[in-house]
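One structure is given below, encoded as structure tokens.
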Amino acid sequence: MSVGASDDAPGGLITIAGKHVSRLGLGTMRLTGPGVWGWPPDRTTAIRVLREAVHVHGITHLDTADAYGPHVAESLIRRALHPYPPDILVATKVGMVRPSRDQWRPLGHPAYLRTAVDASLRRLGVDRLDLCYLHRVDPTVPLDDQLGELLTFRLAGKIGHIGLSKVGVDQIRADEKMIPVAAVQNPLNHTEREDPALDYCARMDIPYVPYRPLNAGTLPAPAALTWLLDLAPHIAPIPGTSSPRHLRALVEAVH
């Protein structure tokens, strides 16, 4: 990981999964329907948010997951931005299923992960996922089996880099014995300030991607995002929004 400064990139630059991207990224969970379920009421606005993030504001790190919708956010990204500019990093996540609107359940069986990766490749319209996170560790499946399946895709060229989401230091250490961890995505904000993985990632030169940086919209963006960006140079927050106006305010908050 290397970090630099840029007048053009919101928050400056950071290298994640081999790409120099804006430290301020965009999470896409809020672009789906209510409850992160189904299509948004206004697909045109959702697509506008994605296009303005990239083409107007210079955000080059987009974070998504097959569970958002489910399958909706990935499809919106393709509709808005495909073919993707070469400097864009689209990071997705697999290993979480949505049995219903209010349910989120880890599913790390290798056969399911195999199906999920292939489906994300199709929805995003790519031959390789530049960065694919294990969305959650499934406690019912040996971790080696979950990571082993993603590693198989990496060796086959269908995944460029592998990341981890909602993990502790012990899990990161265990995973590093098997795979190079490209990024860690955990919750971090003014309210949820303590995460031992933050310092560990700094020591191991692993980018740390805070999700829920505004604590579901309860924190003022300027203070919350500035606090995160000033905390350490390996931090790259991914606030989400469904509003072009709010998107503009997020970007202005870090300039």
Side-chain angles (χ1 to χ4, degrees), residues 1 3 9-17 19-32 36 46 49-50 52-54 57-69 72-74 76-77 80-81 84 87-94 96 124 129-136 161 163-167 181-192 195 197-198 201 206-243 246-254:
M1 181 193 70
V3 180
L13 289 174
I14 185 170
T15 301
I16 303 176
K19 289 194 172 185
H20 301 288
V21 296
S22 56
R23 283 185 71 196
L24 181 72
L26 178 68
T28 60
M29 188 173 72
R30 291 181 176 270
L31 295 178
T32 65
V36 199
V49 166
L50 288 164
E52 290 190 2
V54 172
H57 300 297
I59 291 174
T60 50
H61 176 200
L62 302 179
D63 182 83
T64 190
D66 64 352
Y68 297 166
V72 168
E74 289 179 330
L76 286 169
I77 288 172
L81 298 169
Y84 306 109
D87 58 340
I88 295 296
L89 172 64
V90 179
T92 194
K93 298 181 284 292
V94 298
M96 183 85 79
L124 288 167
L129 302 176
D130 286 336
L131 174 57
C132 183
Y133 291 89
L134 182 63
H135 202 159
R136 290 291 185 276
H161 297 81
L164 303 170
S165 180
K166 198 70 180 293
V167 288
V181 177
V184 167
Q185 189 173 129
N186 280 355
L188 187 73
N189 55 58
H190 266 302
T191 304
E192 301 167 284
D195 182 9
L198 178 65
C201 286
I206 299 172
Y208 183 97
V209 180
Y211 71 85
R212 210 159 60 228
L214 305 182
N215 198 19
T218 64
L219 299 171
L225 293 176
T226 299
W227 177 74
L228 283 169
L229 292 172
D230 289 346
L231 194 59
H234 70 303
I235 294 176
I238 47 169
T241 184
S242 59
S243 160
H246 186 223
L247 172 65
R248 187 180 312 112
L250 293 174
V251 173
E252 290 174 351
V254 302

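For the single chain, residues carry numbers from 1 onward in sequence order.
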Residues Leu26, Leu50; criterion side-chain contact (heavy atoms from CB on, under 4.5 Å); working and verdict
CA-CA 9 Å; Leu26 178 68; Leu50 288 164; 4.2 Å; yes
Yes or no on side-chain contact (heavy atoms from CB on, under 4.5 Å) for Thr64 and Leu31, after CA distance, side-chain angles and deciding distance?
CA-CA 10 Å; Thr64 190; Leu31 295 178; over 6 Å; no
side-chain contact (heavy atoms from CB on, under 4.5 Å), that's the test. Do Thr60 and Ile88 meet it? Break it down for me.
CA-CA 5 Å; Thr60 50; Ile88 295 296; 3.9 Å; yes
Check the pair Leu247 / Ile59 against side-chain contact (heavy atoms from CB on, under 4.5 Å), numbers first and verdict last.
CA-CA 10 Å; Leu247 172 65; Ile59 291 174; 4.0 Å; yes
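Separating the CG atom in Leu219 from the OG1 atom in Thr191 is a distance of 4.5 Å, to the nearest 0.5 Å. The CG atom of Leu62 sits 12.0 Å away from atom CD of Glu74, with the distance rounded to the nearest 0.5 Å. In this structure, the separation between SG on Cys201 and CG on Asp195 is 7.5 Å, given to the nearest 0.5 Å. Separation of atoms CG (Leu129) and NE2 (His161) is listed at 12.5 Å; rounding is to 0.5 Å. Between the CZ atom in Arg23 and the CD1 atom in Ile16 there is a gap of 9.5 Å [rounded to 0.5 Å]. The distance from atom CG of Leu198 to atom OH of Tyr208, rounded to the nearest 0.5 Å, is 5.5 Å.
Contact of the Thr28 side chain with the Leu76 side chain is not registered, since no non-hydrogen atoms from C-beta on lie closer than 4.5 Å. Here the side chains of Thr92 and Ile77 are not in contact, with every heavy-atom distance at 4.5 Å or above. Contact of the Trp227 side chain with the Leu231 side chain is registered, since non-hydrogen atoms from C-beta on lie closer than 4.5 Å. By the 4.5 Å heavy-atom criterion applied to side chains, His234 and Ile206 are not counted as neighbours. Proximity of Gln185 to Ile238: side-chain heavy atoms (C-beta onward) are separated by under 4.5 Å at one or more points. A heavy-atom distance below 4.5 Å is found between the side chains of Leu214 and Leu225. Taking the side chain as every heavy atom from C-beta outward, Ser243 and Arg248 never approach each other to under 4.5 Å. Side-chain contact between Asn215 and Glu192 is present, with heavy atoms from C-beta onward closer than 4.5 Å.
The minimum heavy-atom distance between Leu229 and Gly11, with the atom names listed, is CD1-CA, 4.1 Å. Contact between Tyr133 and Ala91 at its shortest, heavy atoms only, is CE1-CB, 3.9 Å. Nearest heavy-atom pair across Leu89 and Ala17 is CD1-CB, 4.2 Å. Taking both residues in full, the closest heavy atoms of Pro222 and Ala253 are given as CA-CB, 3.6 Å, listed atom of the first, atom of the second, then distance. Nearest approach of Pro10 to Val251, heavy atoms of both residues: CG-CG1, 4.1 Å. What you find for Leu124 and Tyr84 is that their closest heavy atoms are O-OH, 2.6 Å.
Results of the side chain to side chain contact (heavy atoms under 4.5 Å, CB included) test with Ile14 over Val209, Ile235, Val21, Leu24 single out Val21 as the only residue that passes. When the options Leu13, Asp130, Leu131 are evaluated for a side chain to side chain contact (heavy atoms under 4.5 Å, CB included) with Lys19, the one that passes is Asp130. A side chain to side chain donor-acceptor pair (under 3.5 Å) with Ser165 is found for exactly one of Lys93, Arg136, His135, namely Arg136.
Residues Asp63 and Tyr211 bring no donor and acceptor atom of their side chains to less than 3.5 Å of each other.
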